[in-house]
Amino acid sequence: MLLSSDDPFLARPNSLHSCARQRLQKEERISFTLIEMARSLAGFLVLLLVISICEAASLFQPISDSHRSAALELFTSDHGSFKSLEETYEALRTFQILGIEKKPDVTAAACRSISETVGSSSTPKDLFYALKANSIAQCKIHEKASEGIISSLNAAVSGASLLLDFYYSIGGLVLIKDQSSKADIHLADAEGVFRSVKAFSQSDGRWRYSSNNPESSAFAAGIALETLAGIVSLASSELDQSLISTLKNDISKLFDSIEKYDDGTLYFDDKLVDGHEYQGPLSTTSSVLRGLTAFAAATTGNINLPGDKILGLAKFFLGIGVPGDAKDFFYQVDALACLESNRVSAPLILSLSSAVLSLNKKDSLKVRVTTVLGSNAPPLTVKLVGAFTSGSKDASLVESQELKFDHGSGLHILNDLPKSIDVGSYTFVFEVVLQEPEDEKVYVTGSQTKVPIFVTGIIKIENSEITILDSDLGSVESQSKLDLAAKNAVSLSANHLQKLRLSFQLITPRGRAFKPHQAFLKLRHESKVEHIFVVGNSGKQFEIVLNFLGLVEKFFYLSGKYDMELTVGDAAMENSLLVAIGHLELDLPEAPEKAPRPPPQPVDPYSRYGPKAEITHIFRAPEKRPPQELSLAFLGLTILPLLGFLIGLLRLGVNMKNFPTKPVPATFAVLFHVGIGAVLLLYVFFWLKLDLFQTLKAVGFLGVFLVFVGHRTLSHLAAASAKLKSA
Amino acid sequence: MAREKSSKDNAKALFHSLRSAYAATPVNLKIIDLYVGFAVFTALIQVVYMASVGSFPFNSFLSGVLSCVGTAVLAVCLRIQVNKENKEFKDLPPERAFADFVLCNLVLHLVIMNFLG
């Protein structure tokens with residue numbers, strides 16, 4: 001498993017929980033298991049107990065300040081007002097639960113929208129949310145307005161046919177009863193309303209939304225429970241107690257359909273029939289919890305629900321962490337508020353500030369037990385009942401012991417980790433015992449809490465040395481001790497007939513042998529070709545022997561200087577190292593023709609795609625011109641024939657006798673010669689500076705003129721010579 | 001020896017007869033012949049120049065030489081047309097031939113000037 005030229009990834013500890021991770025580490029613990037097999041009966045019983053509860057260890061944190069800051073970010077308002085009354089209510093409720101101070105513009109905007117809604121005739125749904133928001137914002141509602149609300153809600157109750165109609169109208173009546181001074185709110189025919197809501201229930205504990213729609217959901221069950229709780233609180237004296245007790249059976253049936261994740265969290269979910277109506281496990285579970293707690297608060301008598309179901313639901317909500325959506329945030333926080341103070345049982349959560357402990361820094365184990373919203377728990381003791389290496393089902397490594405409670409910080413502390421706890425990954429099992437017996441009815445703690453703990457420490461590296469041995473005889477050629485904590489500059493030389501041996505020992509802080517995740521030796525040639533070898537071990541001793549005779553081909557017959565680097569790394573090792581050992585001058589024989597070439601090294605992308613060298617443009621060298629004097633000489637020579645021509649003309653006796661004497665023909669003749677001269681002059685200008693088109697234009701004009709004049713002259717001459725001939 | 005002497009004498013006699021025959025040509029034809037000789041000579045001098053310094057601006061060389069050769073050719077055409085002994089062009093007035101000569105020369109020189117560069 002040769003890696004790329006990047007350095008091996010040095011693992012970091014993480015405190016996530018999963019069964020799978022434990023299974024992977026099982027192989028490492030096989031040798032350990034064989035030793036543990038010979039334990040006593042008590043250990044065997046603990047083993048059985050561990051197998052029976054097939055739950056993964058997981059860590060849950062109660063609500064903290066990170067939730068508060070996230071809430072402020074998620075619930076943003078436009079100058080204090082939200083898009084709808086529902087959102088206003090959700091924001092106000094979230095701030096109330098988390099203890100965030102209300103901003104005045106939010107309250108003012110809420111009051112404005114509430115008074116708008118209650119003043120005008122609105123639907124029961126709007127009234128419901130307005131009143132809900134008002135229960136937190138506490139704005140005053142007019143007497144007349146509240147009277148109007150009561151009458152419209154009463155009318156809505158009598159005219160309701162769907163579950164949601166009942167929900168909004170009854171819920172509104174309950175709220176207005178608390179908020180208005182008029183305490184007299186009479187629900188007409190409470191029993192009839194109760195029965196009509198109950199008619200929506202099904203035998204499996206779920207409820208339908210309407211009598212027409214056969215689809216049922218747990219979300220509707222939560223709504224129904226809230227509605228029925230509202231009816232009970234409005235008119236409890238009028239209702240038959242048997243009706244209420246049948247409801248308790250329905251609740252038990254509903255809780256039978258609860259679903260479970262591997263880490264022990266419980267939730268409600270509906271079948272995904274219609275995507276539009278589907279609510280999702282978070283809102284469904286939240287709705288059920290709301291309904292349950294409202295019902296428990298409205299009725300007397302016990303609702304028998306096993307405490308671990310409540311605890312499982314609490315873990316479900318806490319396991320989400322900080323949701324990123326405002327609605328999800330509201331569902332989570334609202335459900336946790338229901339769990340915090342309810343008549344069934346309030347769950348207590350065991351959490352750790354840090355699940356990673358360092359042996360060398362002498363970290364102590366600090367455990368906190370709080371309610372889900374982070375408030376203080378009643379007096380209790382925390383016991384560490386067992387510690388197991390992750391993934392193994394062997395007996396506990398520690399005895400059952402109590403953690404010391406520190407009143408100042410509210411933490412349960414175990415100061416020194418037992419000697420049997422070495423570096424590595426463990427599962428610690430805690431038990432929470434309430435000190436006051438009455439608290440057992442109010443709070444639920446769960447039987448045993450399993451928490452993943454990761455212990456790190458500084459691993460000692462001892463007896464590290466590097467040796468060059470003769471291959472055949474085994475005699476030591478050169479040997480040097482290494483200090484692997486610091487950079488070394490050992491300089492060795494070897495040829496292909498020798499062996500290289502590197503050895504060292506790794507010892508944990510508790511003095512045991514340690515096997516890290518990574519122990520590699522890397523040799524890098526000066527041409528950047530790398531070879532990586534895994535360093536094997538037997539117990540404490542780590543040793544690697546490189547026999548160069550067998551490695552000649554693997555090294556591509558490259559002789560030269562090799563840099564040596566050792567990497568030792570592990571998640572539990574605080575001093576993981578990547579250290580340069582030194583150089584090795586390796587002398588290998590010549591490569592034969594068919595030897596494999598070393599793989600091409602990756603080209604530095606910046607050199608391939610970066611700017612290239614600048615090109616200086618080489619222009620064509622201008623032609624060699626002749627010396628100017630020669631050119632001028634020949635220019636003179638060219639004139640000579642012209643002179644010769646003129647002299648010859650004179651010798652022939654050229655005369656101008658035929659030139660017309662009469663004025664008119666004379667002018668034409670003159671013009672003719674002038675015209676020819678003009679054309680020739682135009683040609684000179686054409687050569688000097690004019691372009692062809694200008695010249696052609698001029699030639700056109702001159703040509704026409706010349707033709708006319710020439711015609712006149714030449715015809716005159718022709719007539720004259722014809723006259724002479726005839727004469 | 002006698003044959004050599006006779007060939008030399010023959011050449012001399014030929015030359016003399018040519019010369020005297022030529023003297024009989026009309027003057028205007030002689031002018032045209034002189035013009036042709038002038039043009040050819042100019043062309044020859046240009047060729048010698050090119051041979052000595054190389055043909056670098058080849059277009060210039062061509063235009064120079066062709067202008068001389070072209071005008072010589074046109075002059076020869078004029079001579080043919082003007083020569084009274086030439087029966088073919090009996091009806092063509094010599095002025096007309098001269099006008100053609102001038103026109104063709106002007107066109108030739110326009111082209112030459114364009115090509116001169």
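Since the structure is predicted, the reported quantities are computational estimates derived from the model, not experimental observations. In what follows, chains carry the letters A, B, and so on, assigned in the order in which the sequence lines appear, proteins first and then strands, with residues in each chain numbered from 1.
- Among the residues in residues 626-640 of chain A, those with a non-hydrogen atom closer than 4.5 angstrom to a non-hydrogen atom of chain B are A/Pro626, A/Leu630, A/Ser631, A/Phe634, A/Leu637, A/Thr638.
- Residue A/Phe686 touches chain B through its side chain alone, counting heavy-atom pairs closer than 4.5 Å.
- When heavy atoms are compared at a cutoff of 4.5 Å, B/Val36 does not approach chain A at all.
- Take B/Phe58 and apply the ring-ring contact (aromatic ring centres under 6.0 Å, His included) test, not counting sequence neighbours, and it matches B/Phe61.
- Around atom NE2 of A/His711, no more than 12 heavy atoms belonging to other residues, nucleotides or ligands sit under 6.0 Å away.
- In this structure, the portion of A/Leu692 lying under 4.5 Å from any heavy atom of chain B is its side chain and not its backbone.
- Proximity to chain B (any heavy atom under 4.5 Å) is restricted, for A/Thr695, to the side chain, taken from C-beta onward.
- Taking the six-membered ring where the residue is Trp, the centroids of A/Phe520 and A/Phe533 are separated by 6.0 Å or more.
- Interface remark: B/Val102 contributes side-chain atoms only to the contact with chain A (heavy atom separation under 4.5 Å).
- Of the two parts of B/Pro94, neither the backbone nor the side chain holds a non-hydrogen atom closer than 4.5 Å to a non-hydrogen atom of chain A.
- Of the charged side-chain nitrogens involved, none lies within less than 4.0 Å of a carboxylate oxygen, so that A/Glu526 and A/Lys561 do not count as a salt-bridged pair.
- With contacts defined as side-chain heavy-atom distances shorter than 4.5 Å, the pair A/Asp563/A/Leu523 does not qualify.
- For the side-chain contact (heavy atoms from CB on, under 4.5 Å) with A/Leu492, the qualifying choice from A/Met564, A/His583, A/Glu585 is A/Met564, the only one to do so.
- For the atom pair A/Leu696 CG and A/Asp691 CG, the distance stands at 9.0 Å (nearest 0.5 Å).
- In this structure, B/Ile80 CD1 and B/Leu92 CG are separated by 12.0 Å, a value rounded to the nearest 0.5 Å.
- Using cut-offs of 30° and 60° for the angle between ring planes, the A/Tyr562 and A/His531 rings count as tilted.
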